[in-house]
Amino acid sequence: MAEISKSYEARDVEKKWYAAWQAAQAFAGKVAPDKEPYSIVMPPPNVTGVLTMGHVLNNSLQDILIRRARLEGRSALWLPGTDHAGIATQTVVERELRKQKKTRRDLGREKFLEQVWAWRHEKGGIILEQLRRLGASCDWDRAQFTMDPHYSRAVLNVFVDLYGKGHIYRGKRMVNWCPASQTALSDEEVIMKPVNGAMYRVRYELVDAPGHYIEVKTTRPETIPGDVAIAVHPADPRYASLLGKKVRRPLGPAAEIPIIADNAVDREFGTGALKITPAHDKADFEVGLRHKLPTIDVLRADGVLNEFAGPELAGLDRFAGRKLAAELLKASGALVAEEPYANNVGYSERADVPIEPRLTWQWWLRYPRVEEARTAVRDGHIKFHPERWSKVYLHWLENIQDWCISRQLWWGHRIPVWYRKGLDKENLTPADLGDPAKVHVSLDGPADSENWVQEDDVLDTWASSWLWPFATMGWPDPAAATSAGLDYFYPTTTLVTGPDIIFFWVARMIMAGLEFMRPGESLERRIPFKHVYFTGIIRDGQGRKMSKSLGNSPDPLDLIEKYGADGLRFGIVSIAPQGQDLRFQEDRIESGKNFCNKLWNACRFRQMSGEAGDNSSLAAIVNRLEAKKFDADDHAILDRLFATTREVDRCFQEFEFSAAVQAMYGFFWNDFCDWYVEVSKSKLQSPETKGNCLTIQDLVLRQTLLLLHPVIPFITEELWQQLGYATAGNFIEETRLENASQLATTSMAGGLVLDRAAVAAVEKLKEFISKARALKADHNLASRRDVRFFVTTSDAHWAVLAANLVSLSRMAGAVEISRRDAVDGAPAVVTLLGTLYLDLASTVDAGAEKVRLARELEQISKHIAGTEARLANQAFVSKAPPAVLEGARKQLADQQAKRAELERLLKSLG
RNA sequence: GGACGCUUAGCUCAGUUGGUUAGAGCACCUGCUUCACACGCAGGGGGUCGGCGGUUCGAGUCCGCCAGCGUCCA
C-alpha cells in the first residue's frame, strides 16, 4: 500500500477512476431479474447546451441516487442523452450562416439540415463530455438523441397513432406567433412580461355626423388599418344611440366600419368602446367570428407591416410602425391623448421578442389520458417531492388547452402528413381533411409519392421529448425494447428535474406513458416514473436566475479545476435544501473541497497509525473488535456512527440530500475527527488499547466512505482502495452498503453491544475539555501545554475523569489533572463533572476573577428565575407531560447546584 | 386578480410531530506551524426568529391579519 500524500489532489484521482470505471463498464444498466431495478432517465440537455450550475445540481443529485442504488444492491440504469431542441439549435446554425451572409432559404431545406447535422456531430457532444468530468455514472453506451432514426420513428408512430384515434387535427386558429423565429409556439412557450408602453386615445368620426366621434383606447395604433368594427357593450347607455352607425377608420386605407354591440366588451375598461381587429387579437377574433366580420391582416410573418396597413406604414417594422401611426394620428387630429401605460405583453421564451396573435393553419393535439394523469398524481402513484408541486400540476391539468404541436421550422421531426398535389392548403375544409384521398397520414408516406407533397412543418420539440422514458429504451420496436430492458426498467424510479418544466415535460410524459405503455394494464405499470424530485433554481449572489445572457453563472469546469468534482458536488448539494431556490456561494464549494481534504487526512492518519487488519467486510472488522475493552469513547463513536447511518437512510427516503450531507459532515468532522481521533492519539500509545482503537477507526472509515461515496465518488473510491477495503480489485460500488439495522445486526452477531449511556458520558467529557481550554484562554495560557488542573468533585464524577486522564490531559494541554478536596484562590470553572481549577494561585488577579464569576452567577440566576417561575405555575405543573416536568425539576436542581458552587468560589476569593 | 413559496446571526441557510439556554458553514476577533490536515486546531463575539393579534401551561414551530421579496397561473 502506497503512502497517502499530505493533501488531496483531485485531478489525477478523478481521471484515473473515471477511466477505470468506464473500462470496466461499471455503469452499464443490466437486466438482473434477481435484483430490484433502479432507473433514471436524464432530462436531456439541449444539444446546443454547455454545462451550467443548474445541470451540475441536477445531475449530481441523479448520480447520487444512482450510486446509492448500486450500493444498496439494486441494478441501476442512468440513461443519458440530448434533445434536438428545434428552435434553439436552428437559431444557432442560422446565426453561423448569417456570418457568411446567407439564410437557410438560400441553402434550401435539405442542405440546411445537412449543416445542422454537421454542427451536431461536431459540437453536440460537449455537454455529455462535461458531465463525465462531474463524475456522472451514466450508461454512456445507451446515450440517446431525440433525432436518432429509431427515436424519430417512435415520434412519428405516436403522431400517426394519435391522428388515427382522433386526438390530432389540423385547424386554422389564432396562435402565438414568434416573428423572430417565424413559427407558431405553444402557450407554454410564451412568457408574460410587464412592459412600459403607451396608451393611445383615438377618436373615430361618425360617418353620419361629421364632427362627432367615438373614442377608443389602444396600445397598438399600428393595427388600426386592420380595424373592422367598433364594439360596445349592448347595455351601455353611453353608446346605445350609436349602435349600427358607421365610423371612418382614422388610419390606413379609407373605410367605413360599423359600431356593433357585444357582451364581451368590458364597460369599465378605457372608454367602454373597443376597436375590433380580428387579425391581431384573440378576443377580437372571437368577436369577429360572432359578427361575421372580415379579417384584415396588416402584418407579415416577420412582424413587418404589409400593404394592407397603407402606403405610409407598409414596410415598417411593427414597433417603428407604432410610432409613425401615433404621429400620423396626431397630425390628422385623431389622437386625443397619449399616456404612459404598463401592461403585460407575451414574449417568445426563446427569441425574447413580443409574440403576435396570428391566424394560421396548425396541427393540434387534444391531450390523451388527462383524467388518468390527474389520478396518478392525486392518488400518489407518482409522488412529487416536495409534494406542493402536485397542486401546480393538477391546476394546469384542470385548465388544459389543446397543444399546438406544429412548428414552422426545418430542424425537427417532419410531420408525417402528405397533401394531394394541387390541393389548396390555405382553404382546407373538414371534408378535405377527413378524405384519405386528399390528406394522407402514415409512417412511411403514400405509395405514389410523386402525387403528394409532404407537410412542411415539424413537430414541437416537446412532442418528441414527452416520449423520453420509453422511446429511449427501444419502444415501440419489440426487439429493441427487449434488448434495452424496457420491461425491466419501466416505470423508471425517479425523475429529477426543475419545476419550470412541469408543464412542458413532466405532465406530458405522464400522459404519454399512460397512453402508450402497456395498454390495458394497471396505472402503476403505465406511469413513466414513481417519484419526481424537483430541484430548486440556482440564483447568483443577488438572487437573479443564473443565465448565459447575464453572464452570472460560473463555469462549472473552472470550479472542478479549482475544487475538484467531489468538492463541487459536495458543496452544491449541501446548499440545496429540498425544493427551495438557492443562492450560489463559491465558499460553500470551497468548504466541499476542504471536507474532502479532511477526509483524506483522517484516512492518512489511520494509515500512519498502524498496519491494516482484515478490512474485507464489516463482519471481518467486527470480528477483530474486543468489546470488553471498550471505553466510553469507543461506545460513543459507534453509537454516533449508527445514528448517522440511520439519519442518512431517512434522508434518502425523504429526498433530503442536503440534510444527509450535513449529517455526514457533522459526524465525520466533529464527532470523529475532533474527538475520537484526538482521544485515539493517547490510546494508540498503549498496546492495551491500540488494537481496538484502530479497528474502530477502520469500521468508522469504512461506513463513512460508503455513506459518502454517492456524493463524492472519486475520493471515496481512492481511499477505499488505499485502506484495503476493496477485495479482489473490486470497486467500492460492488460492496453492499449496510443500512442502520443491518449495521446493528452485524455488530451484534459479532458480540458488540453498545452502551448508550456512554454517549452522555462523552458529552460531559467534551464539556469538561471545552471549559478547561476556555479557562486557559481566559488566562492567556491557550498555547501552554504544561499547566496543572485541580478538580473538586464527587467520587462518581472523579471515576469518569480518572478513567480518561491520559487523553484528557493531552487534549487540555495539561501535565496534570488531579483531585483535591478543596482549592482556594485559583481561577475556576463549574463543569458537569465538578469544579475545575487552574493552578495559578500565586499569580491570579482576584479582582478580574471575581468579575468573571459574578457575570456567570448573574446568568445562572436569571435561568434559575425562569425555571422557578415555570415550576411555580400551577397550570404548567398540572398540564405538562410528566417527562417535561421532571426535566424542568432536574434542570432547576442542576442550576441551583451550579449557583451554590459559584457563590462558594466567589466567597473564597474574598 | 388567483395559487404557492420565502422572511431566523454580517452573508447563505438548518430547525422533524409545539417542550431545557435557537444551530451550521462562511465571514469576523484572539491565540497556535501541538508528531493526519493552516484545505488545519483551540477559544470568542454576534440573533427580542419580518410586524400585530390569537390558541396553549408553554410558540421560531399551530391559526388569523398585515408588510416586503420571489415564482407560477389568469
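All chains are named by letter (A, B, ...) in the order of the sequence lines, taking the proteins before the strands, and each is independently numbered beginning at 1. These numbers were taken from a predicted model, which means no experiment stands behind them.
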Atom-pair distance ([atom1] on [X]; [atom2] on [N]), nearest Å:
| X | N | atom1 | atom2 | answer |
| --- | --- | --- | --- | --- |
| Arg773(A) | C41(B) | CZ | C1' | 8 Å |
| Asn594(A) | C37(B) | CG | C1' | 10 Å |
| Trp389(A) | C73(B) | CH2 | P | 10 Å |
| Glu654(A) | U17(B) | CD | P | 11 Å |
| Asp671(A) | A24(B) | CG | C1' | 14 Å |
| Lys879(A) | U56(B) | NZ | C1' | 8 Å |
| Phe876(A) | G58(B) | CZ | C1' | 7 Å |
| Arg785(A) | C41(B) | CZ | C1' | 10 Å |

For the side chain of [X], starting at C-beta, report the closest nucleotide among [options].
| X | options | result |
| --- | --- | --- |
| Ala777(A) | C11(B), A3(B), G43(B) | G43(B) |
| Ala774(A) | G44(B), C39(B), A3(B) | G44(B) |
| Gln585(A) | A36(B), C72(B), C11(B) | C11(B) |
| His863(A) | A36(B), U21(B), G19(B) | U21(B) |
| Arg604(A) | G40(B), C37(B), G19(B) | C37(B) |
| Val677(A) | A36(B), G40(B), G25(B) | A36(B) |
| Arg583(A) | C41(B), U12(B), U34(B) | U12(B) |
| Cys673(A) | A3(B), A36(B), C39(B) | A36(B) |
| Gln895(A) | U21(B), C4(B), G31(B) | U21(B) |
| Asn601(A) | A36(B), A14(B), C4(B) | A36(B) |

How far apart are the C-alpha atoms of Phe570(A) and Tyr665(A), what are their side-chain angles, what is the distance that settles it, and do they pass the side-chain contact (heavy atoms from CB on, under 4.5 Å) test? CA-CA 10 Å; Phe570(A) 192 93; Tyr665(A) 184 100; 3.8 Å; yes
Should the heavy atoms of other residues, nucleotides or ligands under 6.0 Å from [atom1] of [X] be counted, would the total exceed 12?
| X | atom1 | value |
| --- | --- | --- |
| Arg378(A) | CZ | yes |
| Gln401(A) | CD | no |
| Glu886(A) | CD | no |

Using Watson-Crick or G-U wobble geometry with both distances under 3.5 Å, which nucleotide pairs with [N]?
| N | answer |
| --- | --- |
| A24(B) | U12(B) |
| A42(B) | U30(B) |
| G18(B) | none |
| G50(B) | C66(B) |
| C72(B) | G2(B) |

Which part of the nucleic acid does [X] contact within heavy-atom distance under 4.0 Å: base, sugar-phosphate only, or nothing?
| X | result |
| --- | --- |
| Cys596(A) | nothing |
| Ser770(A) | sugar-phosphate |
| Lys681(A) | base |
| Arg588(A) | base |
| Asn344(A) | base |
| Phe503(A) | sugar-phosphate |
| Ala888(A) | nothing |
| Pro499(A) | nothing |
| Val877(A) | nothing |
| Lys593(A) | base |
| Glu678(A) | base |
| Asp674(A) | sugar-phosphate |

Could you work out the separation of [N] and [M] based on their [atom1] atoms and round it to a whole Å?
| N | M | atom1 | value |
| --- | --- | --- | --- |
| G10(B) | G47(B) | C1' | 11 Å |
| C57(B) | G18(B) | P | 15 Å |
| G25(B) | C35(B) | C1' | 29 Å |
| G5(B) | A27(B) | C1' | 28 Å |
| U61(B) | C73(B) | P | 32 Å |
| C66(B) | A9(B) | P | 25 Å |

Check: Val56(A) main-chain N/O paired with Ser60(A) side-chain donor or acceptor under 3.5 Å: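 Yes, because the side chain of Ser60(A) sits within donor-acceptor range (under 3.5 Å) of the backbone of Val56(A).
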Q.
Determine whether a donor-acceptor pair (N or O, by modelled atom type, separation under 3.5 Å) exists between the side chain of Lys593(A) and the backbone of Gly564(A).
A.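 Between the backbone of Gly564(A) and the side chain of Lys593(A) there is no qualifying donor-acceptor contact (under 3.5 Å).
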Considering only heavy atoms and no angle criterion, is a donor-acceptor pair shorter than 3.5 Å present between the side chain of Lys598(A) and the base of C37(B)?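 For Lys598(A), whose side chain was compared with the base of C37(B), there is a donor-acceptor pair (under 3.5 Å).
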**Message:** Could you measure the distance from the NZ atom of Lys683(A) to the CG atom of Asn692(A)? Nearest 0.5 Å is fine.
**Reply:**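 One finds 7.5 Å between NZ of Lys683(A) and CG of Asn692(A).
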Checklist entry - Which residue, Glu656(A) or Ala602(A), contacts RNA chain B at a nucleotide closer to its 5' end, judged by nearest heavy atom? => result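 The residue whose closest nucleotide sits nearer the 5' end is Glu656(A).
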For Asn873(A) and for Gln891(A), locate the closest nucleotide of RNA chain B by heavy-atom distance; then report the residue assigned to the nucleotide nearer the 5' terminus.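 Upstream on the strand: Gln891(A).
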Worksheet item: Should Lys766(A) and Asp674(A) count as an ion pair when the cut-off is N to O under 4.0 Å?
Response: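 Salt bridge: no.
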- Would you call Glu387(A) and Lys383(A) a salt bridge, taking side-chain N to carboxylate O under 4.0 Å as the test?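 Result for this pair is no, no salt bridge flagged.
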